[in-house]
Amino acid sequence: MVPSEILMNTKTLIELFGYLGSLLVVVSMLMTSVKKLRIVNTVGSTIFMIYALIIQSYPTALMNLCLIIINIYRIIQLDRTERHFHLVKGEVDAEPVGYLLDYYADDIKKYFPDAKQRIRSGCDTAFLVVCDATPAGIMAGNRTDDDTVDMIIDYALPAYRDCSVGTFLYSHLPEYDIKTLTFSGRSEGHDAYMKKMGFIQSEGKYIKQIK
């Protein structure tokens, strides 16, 4: 390969590197989770800062360095901010649980395609997780025995999808004599979350023993 071709290939790779950084910055703006937005934006800004240094665009590099510092500061703030969750027992067909199920119906359907039909068929247990005064998550299902609930949905609102809602919910359900959770419905993209939260797949359904 002649030197001119090597130079051309190197230039192309550098440009692609810059495009990657730009793409990550743009993608981060589409995220509903503030923490994920900051993390992806930091990665994109880091890549774009390196690209700017390579092409000797120092003002651009300085701007991205400032963004990296701001993002890291905000991420630390988010980790240090104490969220005050509360668990409220409710009814599926009553406010505010019913309203939230209707309001987020399209998003819920993405993860629990058959939830609406199952809830209409009967749902005797519902809990709302509230962060300060803001709804953060909904769990609804049916008691299959004295201490077991078969969940229809276990849904966190977009801004709270960092597992904190589930962790709080599961730790407080024993206060309502719930010691076992099962999930036997259809889910799309929810399996990884359930495994992460300690559910075990057995006989076609997920099971979690709450301590």
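Index from 1, following the sequence.
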Next item on the list: Ignoring hydrogens and angles, tell me if any N or O in the side chain of Asp114 forms a donor-acceptor pair with the backbone of Gly185 under 3.5 Å.
Entry: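 Not confirmed, Asp114 side chain does not pair with Gly185 backbone.
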Notebook entry, point to check: Sub-3.5 Å donor-acceptor pair from the side chain of Lys208 to the main-chain atoms of Met197, do we have one?
Noted result: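 Answer holds: yes.
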With a 6.0 Å cut-off (strictly less than), is the heavy-atom count around [atom1] of [X], excluding the residue itself, greater than 12?
X: Glu203; atom1: CD; value: no
X: Tyr176; atom1: OH; value: yes
X: Glu91; atom1: CD; value: no
X: Lys195; atom1: NZ; value: no
X: Phe17; atom1: CZ; value: yes
X: Asp146; atom1: CG; value: no

If you take all heavy atoms of [X] and [Y], which pair is closest and at what distance?
X: Asp177; Y: Arg143; result: O-NH1, 3.4 Å
X: Gly122; Y: Asn142; result: O-ND2, 3.0 Å
X: Met151; Y: Asp154; result: SD-CB, 3.8 Å
X: Leu157; Y: Gly137; result: CD1-N, 3.9 Å
X: Ser187; Y: His190; result: CB-CB, 3.7 Å

Going by heavy atoms in the side chains, are [X] and [Y] under 4.5 Å from each other?
X: Val129; Y: Phe127; result: no
X: Phe183; Y: Gln201; result: no
X: Ile138; Y: Tyr104; result: no
X: Lys116; Y: Ile108; result: no
X: Leu24; Y: Phe48; result: no

Note to self: Do Met63 and Ile55 sit in one hydrophobic cluster, given that two such residues count as connected whenever their side-chain heavy atoms are within less than 4.5 Å of each other, even indirectly?
What the structure shows: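 No, separate clusters.
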Distance check, rounded to the nearest 0.5 Å: [X] atom [atom1] versus [Y] atom [atom2]?
X: Gln209; Y: Asp147; atom1: CD; atom2: CG; value: 8.0 Å
X: Ile152; Y: Cys123; atom1: CD1; atom2: SG; value: 4.0 Å
X: Ser28; Y: Lys36; atom1: OG; atom2: NZ; value: 13.5 Å
X: Arg38; Y: Ser45; atom1: CZ; atom2: OG; value: 10.0 Å
X: Leu100; Y: Leu128; atom1: CG; atom2: CG; value: 6.0 Å

Note to self: Would you call the rings of Tyr160 and Phe85 parallel, tilted or perpendicular, taking 30° and 60° as the class edges?
What the structure shows: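 Answer is perpendicular, since the angle exceeds 60°.
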Note to self: For Arg118, is there an ion pair with Asp150 - N to carboxylate O distance below 4.0 angstrom?
What the structure shows: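 Counted as a salt bridge, because a side-chain N and a carboxylate O are separated by less than 4.0 Å.
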Check: Hey, do the aromatic rings of Tyr193 and Tyr111 have their centres closer than 6.0 Å?
Finding: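 No, the ring of Tyr193 stays outside the 6.0 Å limit from the ring of Tyr111, centre to centre.
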